[in-house]
Amino acid sequence: QVQLAESGGGSVQAGGSLRLSCAASGITLGINGMGWYRQAPGKQRELVATFTIGGRTVYAGSVKGRFFISGDNAKKTVDLQMNSLNPEDTGVYYCHYGTGYRDYWGQGTQVTVSS
């Protein structure tokens, strides 16, 4: 059974940084397919950054150059370093793992950026 445990998040002023971490259990292969999504109040969940199943790194345009995803295949962890945060980055951030057949989600962690 796949489980995703998130840590990090919190409140920060605009211009600040936060780091999110996700630890996966029940994954038999590497971290390809793991990444981060977010959902702002009143908006749909959107991709932030991910390792694709094919091993590429994909970022949302709004976070390119500010957010950086990293991972450890052995530990089955994926981190998201978020720099130069702005109020539009506020939302619940979800760790995601997709196999192409099924999607798994963490419980989410709140990120709040104040101006």
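Count residues from 1 along the sequence. Everything numeric in this text was worked out from a predicted model, so none of it was measured.
For the pair D79/L20, no side-chain contact is recorded, criterion being any heavy-atom separation below 4.5 Å from C-beta on. You'll find the side chain of L80 reaches within 4.5 Å of the side chain of V48, heavy atoms only. Put simply, the side chain of Y104 reaches to within 4.5 Å of the side chain of L4, judged on heavy atoms. Considering only heavy atoms from C-beta on, N32 stays 4.5 Å or farther from T52 through its side chain.
When each of I69, N73, V58 is paired with F51, the side-chain contact (heavy atoms from CB on, under 4.5 Å) condition holds for I69 and for no other.
A continuous path of hydrophobic side-chain contacts links V63 to V12 [ILVMFWY only; heavy atoms under 4.5 Å]. Hydrophobic clustering of Ile, Leu, Val, Met, Phe, Trp and Tyr side chains at less than 4.5 Å, counting indirect connections, unites V2 with V78. Under the 4.5 Å side-chain contact rule for hydrophobic residues, F68 and L85 share a cluster.
Contact detail for S17 and Q81: the closest heavy-atom pair is CB-NE2, 3.9 Å. Annotation for S115 and P87: closest pair CB-CG, 3.9 Å, computed over non-hydrogen atoms. Taking all atoms of both residues into account, the shortest heavy-atom contact from I27 to A24 is CD1-CB, 3.2 Å. What you find for G100 and I53 is that their closest heavy atoms are N-CD1, 3.6 Å. When all heavy atoms of E6 and Q107 are compared, the closest pair comes out as OE1-N, 3.1 Å. Residues V111 and D89 come closest through the heavy atom pair CG1-O, 4.2 Å.
Put simply, OG on S84 and CZ on R66 are 7.0 Å apart, with the number rounded to the nearest 0.5 Å. The CG atom of D72 lies 11.0 Å from the OG atom of S21; values are rounded to the nearest 0.5 Å. In this structure, the separation between CD on E46 and CH2 on W36 is 14.5 Å, given to the nearest 0.5 Å. Going from atom CD1 of I31 over to atom OG1 of T77 covers 7.0 Å, rounded to the nearest 0.5 Å.
The aromatic rings of Y93 and F67 sit tilted, their planes meeting at an angle between 30° and 60°. Taking the six-membered ring for Trp and thresholds of 30 and 60 degrees, H96 and W105 have ring planes inclined between 30 and 60 degrees apart.
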task = Using the side-chain contact (heavy atoms from CB on, under 4.5 Å) rule, take C22 and M34 through it: C-alpha gap first, then chi angles, then the decisive distance, then the call.
result = CA-CA 9 Å; C22 176; M34 282 185 69; 3.8 Å; yes
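Side chain of T90 to main chain of V113: a donor-acceptor pair is present (N/O by atom type, distance under 3.5 Å, no hydrogens or angles).
A cation-pi arrangement, defined by a distance under 6.0 Å to the six-membered ring centre and an angle within 45 degrees of its axis, is absent between R38 and Y94.
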